[in-house]
Amino acid sequence: MDSKYDFTAIEKKWQDYWDENSTFHAEIDKSKPKFYALIEFPYPSGQGLHAGHPRPYTAMDIIARKRRMQGYNVLFPIGWDAFGLPTENFAIQNKIHPKTVTENNIKKFTEQCKSFGWSFDWRREVDTTNPDYYKWTQWIFLQLFKNGLAYKKEMAVNWCMECKVVLANEEVVNGACERCTGEVVRKVKSQWMLKITEFAQQLIDGLEDVDYPSRITYSQINWIGRSTGAEVDFKTTEGDVLRVYTTRPDTLFGSTYMVIAPEHPYVEKWADKLINITEVRDYADKAARKSDFERSEIAKEKSGVMLKGVSAVNPATEREIPVFISDYVLMSYGTGAIMAVPGHDQRDWEFAKKFNLPIIEVVKGGNIEKEAFTDTEEGVMVNSGFIDGLNVPEAKSKIKSWLKETGKGEKKINYKLRDWVFSRQRYWGEPIPVVWCEACNDWIAVPESQLPLMLPEVDNYMPAENGESPLSTLESFINTVCPACGGPAKRETDTMPQWAGSSWYYLRYADPLNDKEFVSNEALEYWLPVDWYNGGMEHTTLHLLYSRFWHKFLFGIDKVNTPEPYLKRTAHGMILGEDGQKMSKSRGNTVDPNALIAETGADSVRLYEMFIGDFEKTATWNTAGVKGCKRFLDRMWGLADILTDGGEYSEKLCSSMHRTIRKVSEDIEQMKFNTAIAAMMTLINEICANGRINRAELKTFLILLSPFAPHISSEMFEALGFGLVHEEQWPDFDPELCVFNEIEIVLQVNGKIKGRVMAESGADKNALLKAAYENEAVGAAVSGREVVKEIVVSDKLVNIVVK
RNA sequence: GCCGCUGUGGCGGAAUUAGGCAGACGCAGUGGACUUAAAAUCCACCGGUAGCAAUACUGUACCGGUUCAAAUCCGGUCAGCGGCACCA
């Protein structure tokens with residue numbers, strides 16, 4: 001073996017070898033158990049890989065490599081989530097076609113990925129902007145459309161002033177654009193919507209059957225926001241019925257007024273009867289101009305206008321009560337109208353105080369003079385007719401039955417989740433394959449045989465100032481014939497959001513070249529579901545929810561074979577710059593991992609990325625830290641010099657080896673890569689101190705190291721005549737050998753350490769006690785005092801309690 | 001406001017699953033060896049206080065509790081992070 005660890009040459013050699021020999025190509029092989037490992041495919045940005053990418057990729061690579069050595073047939077694919085705004089914006093600024101920008105970026109990313117030695121199956125590479133791929137994205141949209149789950153609707157949407165594009169609710173963070181942090185305003189537009197709300201319950205229930213970290217489960221449940229209550233009908237003096245949703249039907253007797261959203265249709269319905277209609281319309285107009293963010297600022301004082309001329313009747317008390325409009329009631333949730341119970345809802349309480357409305361106590365237990373009493377555990381019903389004296393849960397149940405019997409209302413479950421705003425007025429996305437036919441007076445699906453509906457070439461892909469898609473000016477694209485009646489029709493010019501392509505890519509990986517179906521049954525049955533999917537926390541309410549929705553839809557129409565796409569999901573922590581801030585070009589704290597590879601080699605960078613800290617937690621980058629990992633590999637390389645042929649080997653080292661096998665094996669499964677690496681470092685320190693290692697032990701050690709640092713392991717393995725390390729079996733450990741015969745026992749008196757003594761493992765308790773008393777320091781501490789208790793923990797410690 | 005998580009040396013972090021030697025492993029630092037010199041490498045030290053030292057005391061955000069024994073369990077407080085948030 002060469003005396004110098006020439007990582008550049010070694011890494012190139014093995015990367016070429018793996019490529020040329022198709023080492024990591026996965027084929028269906030029913031004789032082996034399958035394992036589908038998935039990472040979130042990258043968005044190929046112009047900046048190339050940054051230090052954050054290699055963390056999750058290396059982690060799944062370690063798991064994939066270990067699984068292969070454990071006899072699994074592993075699918076570990078890679079692809080490109082390449083549609084999207086940054087590419088389009090870059091293209092506009094630099095006057096290069098987005099397609100060209102994407103091609104260049106993918107080329108760069110591919111090179112960078114290959115230099116890390118990740119064991120992807122490159123033959124299965126997918127690219128969401130490739131027509132062979134987006135043909136099937138469009139096909140899935142058509143299935144949604146045909147099943148009534150895609151519809152176009154005029155509605156107020158979130159509009160990013162910077163990106164000049166519509167945003168889904170999930171893309172608005174604290175009133176700002178998730179991507180560019182630009183201002184988000186409300187704009188009424190006609191938009192394609194997907195009925196994700198129909199799957200709200202399934203999306204909650206499905207979480208029971210998968211292995212997700214609790215923080216992800218919680219945020220998905222939070223986002224879907226299920227609540228149970230009732231809808232109640234209030235008759236009005238106009239002879240119609242105003243329906244409200246409430247989670248507290250038990251407080252019905254305490255409802256002293258009602259509030260409807262400013263956009264509620266009844267405002268205009270009642271316009272003729274409203275004495276103060278001008279004032280009312282004025283308020284509604286102002287509310288409409290506010291962004292959702294402004295409207296929902298909590299600290300804000302309550303405002304509203306009473307509808308003079310119309311009132312409602314509380315169905316429980318039969319009393320007439322006033323109706324208000326106020327922007328604290330949202331048209332988009334429940335029925336857009338509420339029964340206000342100021343005694344037991346803080347918002348209603350504040351509103352009632354401001355407008356001097358009566359506050360009636362119907363649940364006893366608080367002080368409604370000071371604030372609303374919202375506790376549902378302690379209170380007892382009062383002033384509530386036939387439910388007086390009941391506790392809150394009893395009252396809820398009884399009033400629900402009463403509502404049903406009297407026909408005044410019914411049980412109801414509501415969700416905060418909204419339908420998914422699915423169209424974008426931009427160029428660089430999948431065209432939505434529908435046409436508007438004036439004669440048919442409807443949207444008509446493009447026939448599947450005409451897919452892919454190609455994104456046309458345009459000269460100008462700038463979004464229009466009026467918010468229309470760049471495609472809207474392209475006559476040759478727009479004008480077409482109606483597939484239904486053959487008459488003239490116009491194509492939809494909006495495109496799909498970036499989340500479309502990533503909502504099903506894991507399915508395509510199973511069968512990426514299929515031109516007949518989006519994926520074959522055979523591939524589905526063998527590879528799906530994904531066994532282990534690792535990704536970022538930032539995708540919990542976007543990508544993860546969207547792709548589960550699409551999967552559940554496809555399951556419902558028998559196109560996939562499992563109700564959930566991902567069996568196990570884990571999430572890595574972000575990597576911050578050396579200054580502890582989020583890495584960004586503008587801050588200048590980004591780290592180029594490929595420059596580091598040139599300096600210390602990919603194996604060192606891989607190790608450092610895994611050693612940096614708890615995989616699930618945020619970590620701060622420290623370039624100096626890579627040095628420690630490089631030193632470890634240098635010492636590894638040096639082991640060849642102290643290699644002995646013979647079997648002479650200390651029992652102690654043998655035991656350490658088995659313990660390390662156990663530790664590394666277990667830690668990989670729990671993604672505790674940092675401690676797995678620490679264990680290997682400890683072992684190598686021990687070996688170096690020992691001064692020699694035999695061939696069998698070094699061989700085992702190289703196998704253990706190979707998922708983490710595959711290049712150096714492959715090279716040493718081959719050079720020492722062991723063959724190909726990736727063809728080896730993952731080593732087993734012997735639990736008996738993990739325990740070394742000689743164990744150090746801690747000796748305590750009153751819980752304080754007085755000394756240590758060596759004992760045989762599994763030694764008799766009496767023997768340990770005897771050894772303790774024989775210890776000088778223990779003897780001194782015990783002498784002349786009364787022994788109250790003697791505690792002996794086998795193989796660990798002796799504690800003598802004295803008075 | 002609701003839900004969840006976290007708090008350990010100069011730094012990243014280990015030990016928390018099941019209470020049992022706090023600080024593994026690494027970085028940085030200090031002293032030494034090698035070298036004309038530097039880098040690299042090797043050896044030693046490296047929470048705080050006192051001490052030449054052995055050692056003693058103290059120490060895991062803070063206060064308290066359980067226990068022979070608490071970073072770990074329980075109650076409370078403070079700080080930070082994440083999700084939801086006028087959702088009726």
Side-chain angles (χ1 to χ4, degrees), chain A residues 173-174 213-227 229 244-249 251 255 258-259 261 292 295-300 302 326-330 332-341 344-348 350-351 374 414-418 537-538 540-541 573 580 607-608 611-614 616-632 634-635 638 670 672 674-685 688 744-753 755-756 777 788-802:
Chain A
V173 178
N174 291 331
S214 59
R215 56 180 173 154
I216 292 181
T217 308
Y218 281 125
S219 45
Q220 293 235 334
I221 287 174
N222 259 345
W223 185 261
I224 297 168
R226 179 192 148 110
S227 72
V244 302
Y245 171 70
T246 177
T247 56
R248 295 292 305 274
T251 62
S255 178
M258 299 184 80
V259 185
D292 265 352
R295 267 180 77 157
S296 63
E297 270 193 36
I298 301 166
K300 201 187 57 177
K302 294 280 176 290
S326 171
D327 64 3
Y328 85 91
V329 172
L330 309 171
S332 53
Y333 183 76
T335 61
I338 61 156
M339 59 175 224
V341 185
H344 306 283
D345 181 291
Q346 191 57 28
R347 295 154 299 180
D348 298 344
E350 284 162 20
F351 192 89
T374 55
N414 257 325
Y415 303 90
K416 286 194 255 181
L417 186 69
R418 298 282 177 286
M537 277 308 285
E538 69 275 19
T540 307
T541 49
L607 275 174
Y608 178 63
F611 190 59
I612 191 167
D614 185 333
E616 299 196 335
K617 289 199 193 125
T618 306
T620 307
W621 183 267
N622 175 19
T623 299
V626 185
K627 222 186 282 180
C629 296
K630 173 66 164 47
R631 282 182 187 144
F632 167 62
D634 283 336
R635 304 182 91 185
Q670 293 171 53
K672 294 170 86 170
N674 53 339
T675 49
I677 293 168
M680 289 189 284
M681 286 172 165
T682 308
L683 181 59
I684 209 166
N685 289 346
C688 289
E744 197 178 60
I745 304 292
V746 174
L747 307 176
Q748 297 180 332
V749 175
N750 284 354
K752 296 213 165 167
I753 298 157
R756 296 178 170 84
V788 183
K789 206 168 183 179
E790 290 164 335
I791 290 129
V792 182
V793 183
S794 318
D795 290 353
K796 278 198 176 136
L797 62 68
V798 177
N799 186 14
I800 297 164
V801 186
V802 295

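So that the names make sense, note that chain A is the first sequence line, chain B the second, and so on, each numbered from 1. On a predicted model such as this, the values are computed, not experimentally measured, just so you know.
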*Asks:* Whole angstrom is fine here: how far is it from CD1 in A:Ile745 over to P in B:G20?
*Replies:*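 Roughly 15 Å, once rounded to whole Å.
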
*Asks:* Please identify each residue that fulfils salt bridge (Lys or Arg N to Asp or Glu O under 4.0 Å) with A:Lys627, with sequence neighbours left out.
*Replies:*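 Residues passing salt bridge (Lys or Arg N to Asp or Glu O under 4.0 Å) with A:Lys627: none at all.
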
*Asks:* Sticking with atom P, work out how far B:C27 lies from B:C81, rounded to a whole angstrom.
*Replies:*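 So the two P atoms sit 31 Å from each other.
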
*Asks:* Could you go through A:Ser227 and A:Tyr333, starting from their C-alpha distance and side-chain angles, then the distance that decides it, and tell me whether this counts as side-chain hydrogen bond (donor to acceptor under 3.5 Å, both in side chains)?
*Replies:* CA-CA 11 Å; A:Ser227 72; A:Tyr333 183 76; 3.1 Å; yes

*Asks:* Output yes when at least one side-chain N/O atom of A:Lys617 is less than 4.0 Å from OP1 or OP2 of B:G12, else no.
*Replies:*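 A:Lys617 to B:G12 OP1/OP2: no side-chain N or O under 4.0 Å.
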
*Asks:* Kindly express the pairing pattern of RNA chain B in dot-bracket notation, using | wherever a base pairs with another strand and counting only Watson-Crick or G-U pairs under 3.5 Å.
*Replies:* (((((((..(((.......[....))).(((((.......))))).((((....))))..(((((..]....))))))))))))....

*Asks:* Would you say the rings of A:Tyr608 and A:Trp621 are close, in the sense that their centroids are separated by under 6.0 Å?
*Replies:*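 For A:Trp621 and A:Tyr608, the ring centres are under 6.0 Å apart.
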
*Asks:* Scan A:Leu797 against the nucleic acid and name what it touches under 4.0 Å (heavy atoms): base, sugar-phosphate only, or nothing.
*Replies:*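 Contact class for A:Leu797: base.
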
*Asks:* Which of these nucleotides, B:A14, B:A24, B:C27, is closest to any side-chain atom of A:Asn674?
*Replies:*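 Between B:A14, B:A24, B:C27, the one nearest the side chain of A:Asn674 would be B:A14.
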
*Asks:* Using a cut-off of 4.0 Å on non-hydrogen atoms, how would the nucleic acid contact of A:Thr540 be classed: base, sugar-phosphate, or nothing?
*Replies:*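 It contacts nothing in the nucleic acid.
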
*Asks:* Closest-nucleotide mapping onto RNA chain B: is A:Thr541 or A:Arg215 further toward the 5' terminus? I mean the 5' end.
*Replies:*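 Per heavy-atom nearest nucleotide, the more 5' residue is A:Arg215.
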
*Asks:* Which one, B:A28, B:A24, B:G26, comes nearest to the side chain of A:Lys627?
*Replies:*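 For the A:Lys627 side chain, the nearest candidate turns out to be B:A28.
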
*Asks:* With RNA chain B as reference, determine whether A:Met681 or A:Val793 sits nearer its 5' end, using the nearest nucleotide of each.
*Replies:*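 Mapping each residue to its closest nucleotide by heavy atoms, the 5'-most match is A:Val793.
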
*Asks:* When you get a sec, tell me which of B:C25, B:C3, B:C21 is the closest nucleotide to the side chain of A:Tyr218?
*Replies:*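 For the A:Tyr218 side chain, the nearest candidate turns out to be B:C3.
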
*Asks:* So, is A:Ser227 near the phosphate of B:A88, with a side-chain N or O under 4.0 Å from OP1 or OP2?
*Replies:*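 Answer is yes, contact under 4.0 Å.
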
*Asks:* Over all strands shown, is A:Thr618 touching base, sugar-phosphate only, or nothing at heavy-atom distances under 4.0 angstrom?
*Replies:*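 Result for A:Thr618 = sugar-phosphate.
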
*Asks:* Heavy atoms only, 4.0 Å cut-off, all strands: where does A:Thr246 land among base, sugar-phosphate and nothing?
*Replies:*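 Counting heavy atoms under 4.0 Å across all strands, the contact made by A:Thr246 is with sugar-phosphate only.
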
*Asks:* Looking at A:Asn222, I'd like to know whether one of its side-chain N or O atoms comes within less than 4.0 Å of OP1 or OP2 on B:G82.
*Replies:*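 No, outside the criterion.
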
*Asks:* What is the distance, rounded to the nearest whole Å, between atom CD of A:Gln748 and atom P of B:C68?
*Replies:*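 These atoms are roughly 14 Å apart.
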
*Asks:* Send over the distance from A:Asp614 CG to B:A24 C1', rounded to a whole Å.
*Replies:*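 Interatomic distance, CG of A:Asp614 to C1' of B:A24: 15 Å.
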
*Asks:* Touch check for A:Asp348, heavy atoms < 4.0 angstrom, all strands: base, sugar-phosphate only, or nothing?
*Replies:*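 Nothing: the residue A:Asp348, judged by heavy atoms under 4.0 Å, touches no strand.
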
*Asks:* Check every strand shown and say whether A:Arg418 touches a base, only sugar-phosphate, or nothing at a heavy-atom separation below 4.0 Å.
*Replies:*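 Base: the residue A:Arg418, judged by heavy atoms under 4.0 Å, touches a nucleobase.
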
*Asks:* So, is A:Lys796 close to the B:G20 phosphate, meaning a side-chain N or O under 4.0 Å from OP1 or OP2?
*Replies:*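 Checking A:Lys796 against B:G20: no side-chain N or O falls below 4.0 Å of OP1 or OP2.
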
*Asks:* Between A:Lys752 (NZ) and B:U67 (P), how many Å, whole number?
*Replies:*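 Distance check: A:Lys752 NZ to B:U67 P gives 19 Å.
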
*Asks:* Between B:G75 and B:G26, how far is it from one C1' atom to the other, in whole Å?
*Replies:*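 It comes out at 38 Å once rounded to the nearest Å.
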
*Asks:* Indicate whether OP1 or OP2 belonging to B:A88 is found under 4.0 Å from a side-chain N or O atom of A:Tyr333.
*Replies:*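 Yes, within the criterion.
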
*Asks:* Measure from the side-chain heavy atoms of A:Asn799 and tell me the nearest of B:G20, B:A88, B:C86.
*Replies:*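 Nearest to the side chain of A:Asn799 among the choices is B:G20.
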
*Asks:* Take atom CD1 of A:Ile753 and atom C1' of B:C21, then tell me their distance rounded to the nearest Å.
*Replies:*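 The answer, rounded to whole Å, is 4 Å.
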
*Asks:* Between B:C25 atom P and A:Arg635 atom CZ, what is the distance in whole Å?
*Replies:*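 Checked: the CZ to P distance equals 11 Å.
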
*Asks:* Using atom C1' of each nucleotide, how far apart are B:C42 and B:A50 to the nearest Å?
*Replies:*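 Between the two C1' atoms, the distance is 34 Å.
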
*Asks:* Indicate whether OP1 or OP2 belonging to B:A15 is found under 4.0 Å from a side-chain N or O atom of A:Lys672.
*Replies:*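 Answer is yes, contact under 4.0 Å.
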
*Asks:* Using a 4.0 Å heavy-atom cut-off, does A:Arg631 contact any base of the nucleic acid, only the sugar-phosphate backbone, or nothing at all?
*Replies:*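 Counting heavy atoms under 4.0 Å across all strands, the contact made by A:Arg631 is with sugar-phosphate only.
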
*Asks:* Within the 4.0 Å heavy-atom criterion, would you say A:Ile791 contacts the bases, only the backbone, or no part of the nucleic acid?
*Replies:*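 The answer is base, as A:Ile791 lies within the cut-off (heavy atoms under 4.0 Å) of a base atom.
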
*Asks:* Determine the contact category for A:Glu744: base if any of its heavy atoms lies under 4.0 Å from a base atom, sugar-phosphate if only primed atoms, P, OP1 or OP2 are that close, otherwise nothing.
*Replies:*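 Contact class for A:Glu744: base.
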
*Asks:* What nucleotide among B:C68, B:A88, B:C21 has an atom nearest to a side-chain atom of A:Thr247?
*Replies:*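 Output: B:A88.
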
*Asks:* I want to verify the glycosidic state of B:G64; is it syn or anti under the 90° rule?
*Replies:*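 Anti conformation here, the glycosidic angle of B:G64 being more than 90° from 0.
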
*Asks:* Is the ring pair A:Tyr328/A:Phe351 parallel, tilted or perpendicular, if the boundaries are 30 and 60 degrees?
*Replies:*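 It falls in the tilted class, 30° to 60°.
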
